[in-house]
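As the structure lists them, so they are numbered: ligands from 1, and atoms in each ligand from 1. We're numbering straight along the sequence, starting at 1.
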Amino acid sequence: MKRVRAFIRWMKVDPRHPDIARAQYNELKTQIPSLYALLMVNAVAVSYTHYDVAPFYLTVGALAAILVISAVRLVVWIKVRHLDPAPAEAVRRLRRTIVIGGLIAAIYITWSLSLDTYGGPEERGHIALFIAITVIGCIFCLTNLPQAAVLVMAVVTIPYLVYYLRQDNDVYTAIAMNIFLVCVVVLQVVFRNHRSFCKLVRSQAETEVLNAENERLAQTDALTNLPNRRYFFSQLETRIGKAKAEQSTIAVGVVDLDRFKQINDTYGHQLGDQLLGEVGKRLNTLSLPDVVICRLGGDEFGFLCPGDPNEATKTGDRICELLSAPYQIGDLQVSVGASCGLALYPQAGTTAQVLFGRSDYALYHAKTNSRGRSTIYSAAHEALMRSEQAVETALQRANLEEEFEVHFQPVVSLPDRTIIGFEALARWHSPSLGEVRPDRFIPIAERTGFVHNLTPFLFAKALKQIKALPGDLCLAFNLSGHDITSPDTVDTLLEIIRSHELPPQMVTFEITETAVISSYDAAEKSLRKLKTAGAKTALDDFGTGYSSLGYLHRLPIDCVKIDRSFLAGIEDPADEGVVRSIIEMCRSLQMLCVVEGVETRGQLDLVEKLQCRLVQGDLFSGALSYDVIRESVDKTDKVAGLPLSVSTQLDALKLSAS
Ligand code: C2E
Ligand code: CA
Ligand code: CA
């Protein structure tokens, strides 16, 4: 009973395998026209051989009716040859085909058996042949719809067999039996083919699912489960195309975590990864209409949203806020900030690369001017970027020997007011741009890699000039983030010290906290190498960055330089407090301390009161060219009215613990 039910379900085309039904229908479309052509040809042949023996309505009349029906069906199937129906529709069409197949088979067998009553053995032999080739031909044409093949075979061969059995004619019964058995065998072949067909369709469907999954994985970031950089850029291209066509706007946002590198370096990469995973979770919960958020790499995320500036800013701010709440990772609670740069299409650019570059530029400005919030790329940024481009172009063409030199600012020891050495400060005279200040060109030289050649050149020049001056003068030299993380540059600098035969302890390399933070491990390694070679190290602009005590403890630092911004306000008790506490910290850590930017007598008095031993500033002298210093020394033995120190023992200038 169960089998019968299963058979009936199968005969009705099982809707649980819609993909197979659809594939079946698409195959069938190409076969059925041949089936009707075959029916028409065979019908013409059989009515021709019976034309003289059978009545007119059974030959010409029936033939005309059969040809019309077949032709109509043929046209119907030719018309649907480009149709790719939905699965449910395919099931419906297959069912209809089975029913029509059964009906046509019934018409054919009725007609054939009616004709069989006329004519002699030759005509009857033709009927047997007609039935055999027609039914076998039909079964083959219905290979992809075995249900119809079974029905046609049953409707034709069973009545035929019964018909002859009842007539008790051995030869024709044998023929009928033969046809029946051949059909059974042919059906076996059809079933086997159909099974392989189903298997193929299923494996194709599985492959499609796998491909789709692979495609999804290839566009997903494993750590955060967010779409990845590849997806971001393909979406950006698509959205730009759409915006162009619809004349609409889009916004491209780049979000970068503040202090992530610091956390990664302090607590290790595993915790860094966990933190990024948490960031991913938060971003995944954010469901904003028409906004896609992706991880671009490292601690950088990108998002795309409609281009209304207010809405885009709101979205950026919301993401920054969401990411800034503290994270609980194991026993540890950490906080990172986030800043966001935005660029709008078409105002900021019309290609993916330009838009991304501009949002990145806006991010860079967000990080310096409005941390924790969004900054939209504006006309002011455009002007700035253009001038940076001008600097970049001029740098690329610059001739080191002719355009760059070093100026020196005296480092003065207190209370005796002698010059113990100089800080070397780069000066660039560009033929196209005129004088360009170092804080403008150094970052660009860093970004373009030009600093790789510039630093050794300036250092060698500074060293040579300092050595040419009388006395044992110290040289303080600034290194950029790029320099301190490049082992090559560090080796070159040490080699320059060796080749100039200057005691390494007379050289202090100054680095800023920002330079260290961007790549802590590499920076620490370089600083150790410099220290091991005997050179001194100083943390520059102290107080402006993170001013982390942790750095002072862990890094091999000899000296702290208090940023000149504190001096400007030192008469304010708050700033005085900061300067005092930094000086005291240096004292307890047994470090040298330099106060920069002393411009007035009042400031100097306060610094002296705080017992700081080293100062720099315009009150004594700004940066001077070598020629000016040389001339002054030759004439007066002094620079800016101050004598050069006879012998400098930097270590003796350390603030002693009291
Ligand atoms: P910095 O290392 O903090 O250098 C001190 C800056 O303050 C110098 O500006 C100096 O001219 C200026 N200055 C000194 N005393 C006073 C003062 O009393 N009042 C005021 N208002 N300013 C004072 P400069 O030469 O423009 O250099 C700017 C920055 O560029 C430097 O800051 C340093 O970070 C960077 N830099 C300069 N030369 C080099 C270099 O050769 N390599 C690298 N990597 N950076 C350099
Ligand atoms: Ca400096
Ligand atoms: Ca400084």
Side-chain angles (χ1 to χ4, degrees), residues 391 395 400 403-412 419 421-429 435-463 465-466 474-486 489-490 492-493 496 507-516 518 523 526 536-545 547 557-570 579 582 592-604 607 614-626 640:
V391 172
L395 261 189
L400 278 180
E403 297 175 30
F404 288 89
E405 57 171 339
V406 189
H407 280 194
F408 297 92
Q409 183 179 38
V411 181
V412 179
I419 295 174
F422 294 90
E423 175 178 0
L425 295 159
R427 293 293 176 260
W428 177 26
H429 182 81
E435 294 297 332
V436 188
R437 299 211 61 93
D439 27 18
R440 212 171 139 213
F441 71 78
I442 294 283
I444 298 171
E446 273 201 79
R447 208 177 62 220
T448 56
F450 183 73
V451 77
H452 193 72
N453 296 330
L454 182 64
T455 299
F457 169 80
L458 292 174
F459 183 60
K461 195 159 185 169
L463 214 54
Q465 294 179 334
I466 279 289
C474 301
L475 171 69
F477 188 83
N478 294 286
L479 295 183
S480 70
H482 187 284
D483 297 327
I484 199 69
T485 51
S486 152
T489 301
V490 172
T492 310
L493 295 174
I496 293 171
V507 178
T508 302
F509 290 104
E510 299 188 359
I511 48 145
T512 60
E513 268 181 298
T514 344
V516 177
S518 62
S526 298
K536 306 271 178 205
T537 55
L539 203 54
D540 204 353
D541 301 348
F542 195 80
T544 54
S547 310
I557 298 283
D558 301 290
C559 172
V560 166
K561 296 187 78 170
I562 302 176
D563 191 69
R564 64 173 189 265
S565 58
F566 293 104
L567 257 281
I570 200 166
V579 175
I582 298 175
L592 278 170
C593 179
V594 180
V595 174
E596 287 189 293
V598 180
E599 288 176 347
T600 64
R601 277 226 62 97
Q603 290 169 350
L604 180 64
V607 171
L614 293 172
V615 285
Q616 272 175 256
D618 288 354
L619 178 68
F620 302 104
S621 166
L624 305 167
S625 73
Y626 174 73

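- Near Gly617, meaning under 4.0 Å from one of its heavy atoms, ligand 1 places the atoms 15 (N), 18 (O).
- For ligand 1, the atoms lying closer than 4.0 Å to a non-hydrogen atom of Ser480 are 44 (N).
- Those atoms of ligand 1 with a heavy atom of Leu458 less than 4.0 angstrom away are 41 (O).
- The two residues Glu423 and Val411 come nearest to each other via the heavy atoms N-CG2, 4.0 Å.
- Within the 4.0 angstrom cut-off, atom 34 (O) of ligand 1 has no protein heavy-atom neighbours.
- A donor-acceptor contact shorter than 3.5 Å links the side chain of Thr485 to the backbone of Gly481.
- Put simply, CD1 on Ile419 and OG on Ser621 are 7.0 Å apart, with the number rounded to the nearest 0.5 Å.
- A search for salt bridge (Lys or Arg N to Asp or Glu O under 4.0 Å) contacts involving Glu405 returns nothing, not counting sequence neighbours.
- Taking all atoms of both residues into account, the shortest heavy-atom contact from Ala424 to Phe477 is CB-CD1, 3.9 Å.
- Interface atoms of ligand 1 facing Ile442, defined by a heavy-atom separation under 4.0 Å, are 42 (N), 43 (C), 44 (N), 45 (N).
- Residues Leu592 and Val560 form no side-chain contact, since every pair of their non-hydrogen atoms from C-beta on lies 4.5 Å or further apart.
- Excluding water, every protein N/O/S atom under 3.0 Å from the Ca ion (ligand 2) is given here by residue and atom: Glu423 OE2, Asn478 OD1, Glu510 OE1, Asp540 OD2.
- Contact atoms of ligand 1 toward Asp439: 28 (C), 30 (O) (distance under 4.0 Å to a heavy atom of the residue).
- By the salt bridge (Lys or Arg N to Asp or Glu O under 4.0 Å) test, Arg447 is found to be paired with Glu388, Glu392, residues two or more places apart in sequence or in another chain being considered.
- The protein heavy atom nearest to atom 38 (N) of ligand 1 is Ala426 N, 3.0 Å.
- Expressed to the nearest 0.5 Å, how far CG of Asp541 lies from CD of Glu513 amounts to 9.0 Å.
- Taking all atoms of both residues into account, the shortest heavy-atom contact from Gly597 to Gln603 is O-OE1, 3.7 Å.
- Two residues are said to be in side-chain contact when any heavy atoms from C-beta on lie closer than 4.5 Å; Asn478 and Phe509 fail this criterion.
- Not one N or O on the side chain of Glu596 forms a donor-acceptor pair closer than 3.5 Å with the backbone of Gln616.
- With a 4.0 Å heavy-atom cut-off, ligand 1 is reached by the side chain of Arg427 but not by its N, CA, C or O.
- From the protein, the heavy atom lying nearest to atom 21 (N) of ligand 1 is Glu599 OE2, 3.2 Å.
- Given atom 46 (C) of ligand 1, the protein heavy atom at minimum distance is Asn478 CB, 3.7 Å.
- Salt-bridge annotation for Glu599 and Arg564: absent, with no side-chain N of the basic residue lying under 4.0 Å from a carboxylate O of the acidic one.
- Among the atoms of Asp618, some N or O lies under 3.5 angstrom from an N or O of ligand 1.
- In this model, a donor atom of one side chain and an acceptor atom of the other lie less than 3.5 Å apart for His429 and Glu435.
- The heavy atom nearest to atom 1 (P) of ligand 1, considering only Asp540, Asp483, Thr512, Ile484, is found in Asp540.
- Asp558 contributes a side-chain N or O that, together with a main-chain N or O of Thr537, makes up a donor-acceptor pair within less than 3.5 Å.
- What you find for Val490 and Ile484 is that their closest heavy atoms are CG2-O, 4.5 Å.
- At least one N or O atom of Arg437 sits closer than 3.5 Å to an N or O atom of ligand 1.
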Output a table of donor-acceptor pairs, distance under 3.5 Å, between side-chain atoms of residues 452-463 and any protein atom two or more places apart or on a different chain; print 'none' if there are none.
from	atom 1	to	atom 2	distance (Å)
Thr455	OG1	Val451	O	3.2
Thr455	OG1	Asp483	OD1	3.0
Thr455	OG1	Asp483	OD2	2.9
Lys461	NZ	Phe404	O	3.4

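- For Arg564, every heavy-atom contact with ligand 1 shorter than 4.0 Å involves the side chain, none the backbone.
- A 4.5 Å side-chain heavy-atom check between Leu624 and His407 finds every atom pair outside the cut-off.
- Residue Glu423 approaches ligand 1 through these ligand atoms, each under 4.0 Å from one of its heavy atoms: 2 (O), 4 (O).
- With a 4.0 Å cut-off on non-hydrogen atoms, Glu596 touches ligand 1 through its side chain and not its backbone.
- Atoms of ligand 1 lying under 4.0 Å from any heavy atom of Gly597, numbered from 1 in the order shown and given with element: 17 (C), 18 (O).
- The protein heavy atom nearest to atom 3 (O) of ligand 1 is Asp541 OD1, 3.2 Å.
- Shortest contact from atom 31 (C) of ligand 1 to any protein heavy atom: Leu425 CD2, 4.3 Å.
- Nearest-heavy-atom check against atom 30 (O) of ligand 1 across Ala538, Ala462, Ala623, Pro438 picks out Pro438.
- The atoms of ligand 1 that sit less than 4.0 Å from any heavy atom of Gln409 are 14 (C), 15 (N).
- Per-atom contact check: atom 41 (O) of ligand 1 touches the protein, criterion being a heavy-atom distance below 4.0 Å.
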